[in-house]
Asker: 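Could you have a look at this structure, given as structure tokens, before my questions?
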Amino acid sequence: MEFDTVIHDGTIVTAGEIYRGDVGITDGRIAAVAERLPGGARRIDAGGRLVMPGGIEAHAHIAQESSSGVMSADDYRTGSISAAFGGNSSFVPFAAQHRGQSIDDVIATYDARAASSVIDYSYHLIVSDPTEDVLTDQLPRAFARGITSFKVFMTYDLMNLGDGGMLDILTVAREHGAVTMVHAENNDMVKWMNRRMADKGLTAPRYHAVSRPELAEEEAINRAIQLAKLADAPLFIVHVSTAGGAAIVQREKLAGAKLYAETCPQYLALTRADLDRPGMEGAKYICSPPLRDVQTQEALWHHVATGTFESVSSDHAPYRFDETGKFLNGTDVPYPKIANGMPGIAARLPYLFSEGVVGGRITMEQFVALSSTNAARTFGIEKKGRIAPGMDADIAIWNPETRRTVTAADQHDNMDYTPFEGMELQGVPETVMTRGTPVVEDGALKVEPGNGRFVARAPADLRGRPGAAVKEFDPAHNFGSDLR
Ligand code: URP
Ligand code: ZN
Ligand code: ZN
Ligand code: ZN
């Protein structure tokens with residue numbers, strides 16, 4: 001067989017094993033993996049470097065308006081370029097419904113926005129207005145075109161659905177095999193804290209962290225899981241930031257809940273002390289849930305290493321440190337008026353590799369699982385996330401020895417800062433392919449905007465999930481089929 005490309009002499013790393021070998025690519029797919037493959041119209045000599053499934057970024061806000069109307073700094077061109085330089089072959093940003101919008105319009109809008117992507121993409125659909133028509137017609141239609149995950153918010157006045165709304169979404173998701181993602185923070189606790197802070201005149205960025213206590217996340221995570229159990233639907237808890245929240249996830253998984261979760265580099269690398277930087281610098285570190293403390297970092301790393309989290313995702317939510325972003329409501333405003341979110345799509349995998357693998361906290365196989373393979377499984381991306389014949393040739397070749405200092409300019413995004421500035425990291429993705437085409441190589445972008453394609457996803461793969469067949473949670477089992 002003649003291959004379009006042969007990646008020769010790589011250290012191939014999958015979620016389950018490491019071995020030396022060659023990867024043969026034809027028509028954008030992996031055609032063969034073997035100790036030695038001949039030929040290849042193009043041969044890439046990996047020289048023992050790591051050949052891994054390209055990263056799949058499962059949490060990013062790209063060309064998305066926040067609920068308060070701030071457009072993210074990155075569009076699909078800059079966001080996908082930044083993702084590719086950070087070792088990602090594909091990503092799944094959000095398509096956000098704001099109240100009053102139809103899901104069909106939302107998807108059409110994001111299809112137009114995503115046309116400039118350099119890597120493959122899909123969307124998680126944020127639902128903020130679950131009308132009858134949305135629930136019965138529009139969501140099933142979105143699902144039918146391969147958008148098999150929904151996201152809901154328990155916080156933010158303009159997004160949160162209340163428990164009943166969540167149950168409605170979970171029920172639709174269950175019927176179709178979709179995964180519901182949730183941003184879990186107790187909205188009333190946060191609002192109550194905000195009022196108390198305002199009364200005392202506590203407005204500096206550091207009070208953002210105080211206003212969103214760990215309890216607010218822990219309570220909401222627990223509640224979200226109980227709601228999902230009532231609906232017998234799979235649930236994905238995004239950006240877990242607390243030791244208590246992670247412990248709840250771990251316990252419920254062991255007890256059989258159909259549960260997935262992620263944390264993010266910022267909760268492993270930074271603390272709320274960063275919010276206390278001079279002047280308004282702290283605004284750069286405002287994200288929700290907020291940064292915590294070093295004890296939490298330790299605990300979250302433990303949960304990364306022991307399987308509580310399927311993925312480590314960036315939650316790339318880029319708002320520039322100026323009047324177009326963080327300070328859209330003014331430069332000297334109280335913390336609740338500063339845009340929430342920080343960039344990190346390019347830093348996610350270099351950080352996870354360096355602090356995780358090089359730092360001895362996780363194995364190389366775990367790195368692959370946490371960065372790619374698990375996201376593919378969880379979100380029904382059937383042709384990506386593994387190095388095996390028949391899969392898309394979404395491959396990242398890493399040099400595990402190269403050291404680099406993180407700088408804003410090196411993120412290749414449309415941001416004017418990175419919260420990881422100055423960090424010294426070891427391990428660099430040198431070649432990043434989407435469907436066999438090098439997107440990034442020799443430090444340069446190799447494709448035009450539009451190289452990426454929409455990926456229609458399959459229903460959630462619950463095989464091997466604890467509790468996938470627990471009868472007690474099945475409404476039909478308990479109450480009869482009239483509840484379906
Ligand atoms: O602060 C964050 N994470 N902003 C992005 C929106 C969200 O909450 O996911
Ligand atoms: Zn060679
Ligand atoms: Zn969120
Ligand atoms: Zn987010």
Side-chain angles (χ1 to χ4, degrees), residues 57-74 79 83 91-98 123-128 149-161 166 180-187 190 194 205 207-209 211-212 216-217 220-221 224 235-242 245 260-270 272 274-275 282-292 309 311-321 325-329 335-345 347-348 375 379 413 415 417-419:
E57 170 63 77
H59 190 151
H61 303 269
I62 306 292
Q64 186 199 322
E65 300 96 347
S66 73
S67 60
S68 46
V70 195
M71 184 52 114
S72 63
D74 282 306
F91 64 167
V92 190
F94 297 100
Q97 180 203 31
H98 295 291
Y123 324 113
H124 308 293
L125 188 64
I126 291 176
V127 185
S128 67
S149 46
F150 309 142
K151 182 183 179 195
V152 298
F153 285 86
M154 299 172 84
T155 187
Y156 303 138
D157 278 348
L158 294 172
M159 302 301 281
N160 104 77
L161 300 180
M166 272 182 71
T180 303
M181 306 165 82
V182 62
H183 176 138
E185 286 185 290
N186 181 308
N187 199 41
V190 172
N194 280 341
Y207 295 109
H208 171 77
S211 75
R212 310 184 83 94
E217 176 174 287
I221 286 177
L235 183 70
F236 188 110
I237 316 272
V238 300
H239 53 44
V240 175
S241 70
T242 57
Y260 308 92
E262 68 179 9
T263 189
C264 314
Q266 50 272 38
Y267 302 114
L268 300 166
L270 307 171
R272 59 179 162 235
D274 288 301
L275 287 159
K284 292 178 178 175
Y285 301 88
I286 286 186
C287 61
S288 295
L291 303 175
R292 309 292 184 182
F309 298 121
S311 306
V312 174
S313 307
S314 73
D315 194 8
H316 185 73
Y319 302 111
R320 292 169 69 101
F321 193 62
K326 286 284 176 187
F327 302 118
L328 196 76
N329 296 309
Y335 70 83
K337 295 200 169 300
I338 298 170
N340 277 218
M342 56 175 70
I345 202 165
R348 170 181 81 119
F379 295 116
D413 55 11
M415 284 296 294
Y417 79 93
T418 164

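Counting starts at 1 for both ligands and their atoms, following the listed order.
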Asker: Between Tyr285 and His208, does a ring-ring contact (aromatic ring centres under 6.0 Å, His included) hold up when you go through it step by step?
Answerer: CA-CA 10 Å; Tyr285 301 88; His208 171 77; over 10 Å; no

Asker: Counting non-hydrogen protein atoms only, what is the nearest one to atom 8 (O) of ligand 1? Give residue, atom name and distance.
Answerer: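 Nearest neighbour among protein heavy atoms for atom 8 (O) of ligand 1, to 0.1 Å: Tyr156 OH, 2.9 Å.
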
Asker: Begin from the C-alpha positions of Phe379 and Phe236 and carry the test ring-ring contact (aromatic ring centres under 6.0 Å, His included) through to its verdict.
Answerer: CA-CA 10 Å; Phe379 295 116; Phe236 188 110; 5.1 Å; yes

Asker: Of the side chain and backbone of Met342, name the one, both, or neither that has a heavy atom under 4.0 Å from an atom of ligand 1.
Answerer: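 Neither; nothing of Met342 gets under 4.0 Å from ligand 1.
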
Asker: Find, among atoms of Asp315 that are N, O or S, the one nearest to the Zn ion (ligand 4), and state its name.
Answerer: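 For Asp315, the N/O/S atom sitting closest to the Zn ion (ligand 4) is OD1.
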
Asker: Return yes when Lys151 approaches ligand 1 closer than 4.0 angstrom through a heavy atom, no otherwise.
Answerer: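 It does, in that a heavy atom of Lys151 comes within the 4.0 Å cut-off of ligand 1.
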
Asker: Report the part of Cys287 (side chain from C-beta onward, or backbone N, CA, C, O) that has a heavy atom under 4.0 Å from ligand 1; answer both or neither where that applies.
Answerer: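 Contact part for Cys287 vs ligand 1: both backbone and side chain.
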
Asker: Report the name of the N/O/S atom of His183 located nearest to the Zn ion (ligand 3).
Answerer: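 Nearest N/O/S atom: ND1.
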
Asker: Just to confirm my output: which protein heavy-atom neighbour is closest to atom 9 (O) of ligand 1, and how far is it?
Answerer: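 Nearest neighbour among protein heavy atoms for atom 9 (O) of ligand 1, to 0.1 Å: His61 NE2, 3.1 Å.
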
Asker: If you take the nearest heavy atom of each of Asp315, Thr155, Ile286, Val238, which one is closest to atom 3 (N) of ligand 1?
Answerer: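 It is Asp315 that holds the nearest heavy atom.
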
Asker: Counting from 1, what ligand 1 atoms have a heavy atom of Ala317 closer than 4.0 Å?
Answerer: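 Checking each atom against Ala317, I get 4 (N), 5 (C).
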
Asker: For atom 4 (N) of ligand 1, what is the nearest protein heavy atom, given as residue, atom name and distance?
Answerer: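 Result for atom 4 (N) of ligand 1: Asn340 O, 3.1 Å.
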
Asker: Without hydrogens or angle criteria, can the side chains of Ser72 and Gln64 be said to hold a donor-acceptor pair below 3.5 Å?
Answerer: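 Judged by distance alone, the side chains do not pair up.
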
Asker: Ignoring hydrogens and angles, state whether a donor on the side chain of His183 or Glu185 is under 3.5 Å from an acceptor on the partner side chain.
Answerer: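 Yes, Glu185 and His183 have a side-chain donor paired with an acceptor closer than 3.5 Å.
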
Asker: Who's closest to atom 2 (C) of ligand 1 heavy-atom-wise, of Ala60, Ser66, Ser288?
Answerer: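 Considering heavy atoms of Ala60, Ser66, Ser288, the nearest to atom 2 (C) of ligand 1 sits in Ser288.
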
Asker: Rounded at 0.5 Å granularity, tell me how far CG in Asn194 sits from CZ in Arg212.
Answerer: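 Answer for the CG-CZ pair, Asn194 versus Arg212, is 7.5 Å.
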
Asker: Parallel under 30°, tilted from 30 to 60°, perpendicular over 60°: which one fits the rings of Phe94 and His59?
Answerer: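 Phe94 and His59: perpendicular rings.
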
Asker: What about Phe327 and Phe321, are their ring centers closer than 6.0 Å?
Answerer: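 Yes, the ring centres sit under 6.0 Å apart.
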
Asker: Should His316 and His61 be marked as a ring-ring contact (aromatic ring centres under 6.0 Å, His included) after you check the CA-CA gap, both sets of side-chain angles, and the distance that decides it?
Answerer: CA-CA 6 Å; His316 185 73; His61 303 269; 8.9 Å; no

Asker: Nearest 10°: the angle subtended at the Zn ion (ligand 4) by His61 NE2 and His59 NE2?
Answerer: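 Between NE2 of His61 and NE2 of His59, the angle at the Zn ion (ligand 4) is about 110°.
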
